[in-house]
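Input: a single structure, listed below in structure tokens.
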Amino acid sequence: MNKDIKRYTVTCPNCGRKLISAVAANGAEIYCQKCKTMYEIEIKDKQLHVKELGEEYIANY
């Protein structure tokens, strides 16, 4: 296996349970069985974003 390939590990932001470990996670929808929450995974600007589906969080600055 090529060690230069970036592998993403995503954990639930609510409970900490491991949700996915994959090479390609962009656009994935993942369900956390422990806290019963659905998340969308997105990779933007070399950062991994985990967004709870049905909820939107906006930060004012």
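Positions are given from 1 along the sequence.
The structure places CG of L53 at 9.5 Å from OH of Y39, a figure rounded to the nearest 0.5 Å. Interatomic distance, CD1 of I41 versus NZ of K51, reported as 11.5 Å (0.5 Å rounding). Taking CD of Q33 as the start and CG of L19 as the end, the distance is 9.5 Å to the nearest 0.5 Å. Here the SG-NZ distance, from C12 to K18, works out to 14.5 Å after rounding to the nearest 0.5 Å. A distance of 10.0 Å separates SG in C15 from NZ in K36, rounded to the nearest 0.5 Å.
For G16 against T11, the heavy-atom pair with the smallest separation is O-CB, 3.8 Å.
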